[in-house]
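In what follows, every chain begins at residue 1, and chains take the letters A, B, ... in the order their sequences are listed. No experiment lies behind these values; they were computed from the predicted model shown.
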Amino acid sequence: MLEDCNNLTDSELVDKVLRNREYFRCIVERYDNKLLRYILRITSVNKEDAEDILQDIFISAYKNLNNFNKDLKFSSWIYRIAHNRVISVWRKAKRTPVLFKNNDSLEIFNNIISKDDIFLDLIKKDLEREVGGILNKLKKEYAEVLILKFLEDKSYAEISDILKKPMGTIATLINRAKKQFKEMIVRQK
Amino acid sequence: MTNNLADKITEKIKKENIQPKPKWVFLLKDYVIWGVFTLNIFLGGLFFAVTLLVINNTDWDIYKYLDGSLWRYFISVLPYFRLSALLLFLFLAFYNYRHTPRGYRYKNRKIIIMSVIISGMIGLTLFLFGAGYKIEQLFFTGVPFYKSLEQHRQEMWYRPEAGLLSGEVVEIISSEKIKIKDYKNKFWLIDVSETSWRGPVRHPQVSKQLKIIGQKVSPKEFKAKEIRPWFGGRHNRAHRK
């Protein structure tokens with residue numbers, strides 16, 4: 001009989017799984033929706049394919065559980081596995097993914113542009129249509145950091161751990177991504 | 001989806017008897033990366049030491065016996081192979097550090113500066129304790145192509161018409177005359193009566209390699225004004241015999 005997982009931290013859960021694999025179910029249940037949404041955001045695959053990828057991610061996480069370092073947040077560690085898995089899917093497909101869905105575009109846009117921003121007026125009209133197009137034109141690395149920052153709500157330190165890049169580089173990437181995003185809006189207008 | 005996926009995954013784990021990889025596999029990988037990083041830093045230090053040795057032993061004043069351009073001389077005497085090896089090992093150290101578990105957290109610039117400082121300190125320590133010369137000699141005997149690196153230097157010091165000669169002492173005829181064999185196996189009679197000695201060698205010794213500045217007197221005779229050891233001199237003060 002499994003103990004209630006809800007009161008356990010991720011780290012405690014990992015220790016439990018290493019003693020009793022049945023507890024891995026709790027990790028899956030805790031992260032499956034988040035990771036599925038993440039996969040759908042950064043790839044152009046359909047839901048069924050995304051679920052297959054998700055299953056691979058969890059199996060990979062289970063196999064590498066002893067490599068989880070408690071200095072990291074477990075969520076950063078499993079997002080890193082997801083990120084790497086998606087990269088290998090891209091490589092196999094040999095095509096650039098369509099990164100954003102329109103509903104995400106609107107959300108990310110609202111997060112990037114502050115309310116007193118001079119661009120606010122520009123975005124009021126036919127926002128969704130234009131923004132979706134612009135986001136898909138962004139460089140892949142810019143799009144990735146924007147997804148993690150503004151959609152997955154990750155901190156700079158977490159993004160650094162997920163993408164395995166220094167925090168300073170992450171900050172630079174986010175700033176450049178925002179700048180490029182705004183420039184594209186202006187150009188489009 | 002949650003229960004369905006969790007069921008599928010736990011079922012797959014059981015059915016295929018999937019196990020987490022043992023901890024030692026990951027620890028071993030980390031230790032190997034750290035070990036290779038340390039090795040590269042140390043090898044970088046060795047080449048730092050020999051680079052310092054070569055630069056320290058370069059005769060910066062002989063350009064005037066050549067074509068008179070200090071800049072061209074500087075370009076021609078830089079120890080390119082040792083510098084390339086130093087850069088290679090620093091790059092490998094950087095690459096390995098990047099692949100350590102937390103290596104990604106530091107900027108490239110920081111890792112490179114740190115690697116240069118550590119290798120530089122090792123190299124400087126080895127050089128100051130005289131190990132640079134021993135390492136250079138080890139490379140000479142152990143690395144097949146290493147001797148060919150000396151050819152350029154030998155050619156530079158084989159210009160009797162311009163007043164430069166080098167070779168190995170084969171006979172001490174008197175306190176004023178010695179016989180040397182140059183790198184083309186030609187014998188020369190050297191007049192050392194009015195020469196100044198530089199470096200730790202203060203008198204001729206058989207089988208010592210010497211560099212001589214002076215004047216060609218005849219096709220087989222050379223009058224020395226200054227004699228320096230071929231390599232390894234840690235002091236460069238002139239000393240008149």
For A:Glu22, is there an ion pair with B:Lys14 - N to carboxylate O distance below 4.0 angstrom? yes
Check this for me: A:Met167, atom CE, are more than 12 non-hydrogen atoms of other residues, nucleotides or ligands nearer than 6.0 Å?
no
What one should report as the nearest heavy-atom pair of B:Arg105 and A:Pro166 is O-CB, 3.7 Å
Note: A:Lys63 and B:Phe26 closest approach over all heavy atoms is O-CZ, 4.4 Å
Residues 51-61 of chain B vs salt bridge (charged side-chain N to carboxylate O under 4.0 Å, His left out), sequence neighbours excluded, gives B:Asp59-B:Lys211, B:Asp59-B:Arg228, B:Asp61-B:Arg198, B:Asp61-B:Arg228
Bottom line for A:Leu18: the part with an atom under 4.5 Å from chain B's heavy atoms is side chain
For B:Leu5 and A:Glu51 the tightest heavy-atom approach is CD1-O, 4.5 Å
For B:Tyr104 and A:Ser160 the tightest heavy-atom approach is CE1-O, 3.3 Å
Is there side-chain contact between A:Arg25 and B:Asp7, with at least one heavy-atom pair below 4.5 Å?
yes
*Decide yes or no on side-chain contact (heavy atoms from CB on, under 4.5 Å) for A:Asn69 and B:Arg102, but give the supporting numbers first.*
CA-CA 10 Å; A:Asn69 181 339; B:Arg102 286 171 200 78; 2.7 Å; yes
So NZ of A:Lys164 and CZ of B:Arg98: to nearest 0.5 Å the spacing works out to 10.0 Å
Between A:Asn66 and B:Lys23 the two heavy atoms that sit nearest each other are O-NZ, 3.2 Å
For B:Tyr95, I'd like to know if atom OH has over 12 heavy atoms of other residues, nucleotides or ligands within 6.0 Å. no
Heavy-atom check, side chain of B:Pro20 versus side chain of A:Asn64, under 4.5 Å: no
The side chain to side chain contact (heavy atoms under 4.5 Å, CB included) partners of A:Asp56 (sequence neighbours excluded) come to A:Arg85
Evaluate whether atom CZ of A:Arg176 has more than 12 neighbouring non-hydrogen atoms of other residues, nucleotides or ligands under 6.0 angstrom away.
no
Practice item. Using a cut-off of 6.0 Å, state whether more than 12 heavy atoms not belonging to B:Tyr80 lie near its atom OH. Key: yes
Correct closest heavy-atom pair for B:Ile18 and A:Arg21 would be O-NH1, 4.3 Å
Pair count under 4.5 Å, heavy atoms only, with chain A: among B:Thr10, B:Ile13, B:Asn108, B:Val25, highest is B:Ile13
message: For the OH atom on A:Tyr156, are there more than 12 heavy atoms of other groups (residues, nucleotides or ligands in this structure) within a distance under 6.0 Å?
response: yes
Interatomic distance, CD1@B:Ile9 vs CD1@A:Ile27, rounded to 0.5 Å, equals 11.0 Å
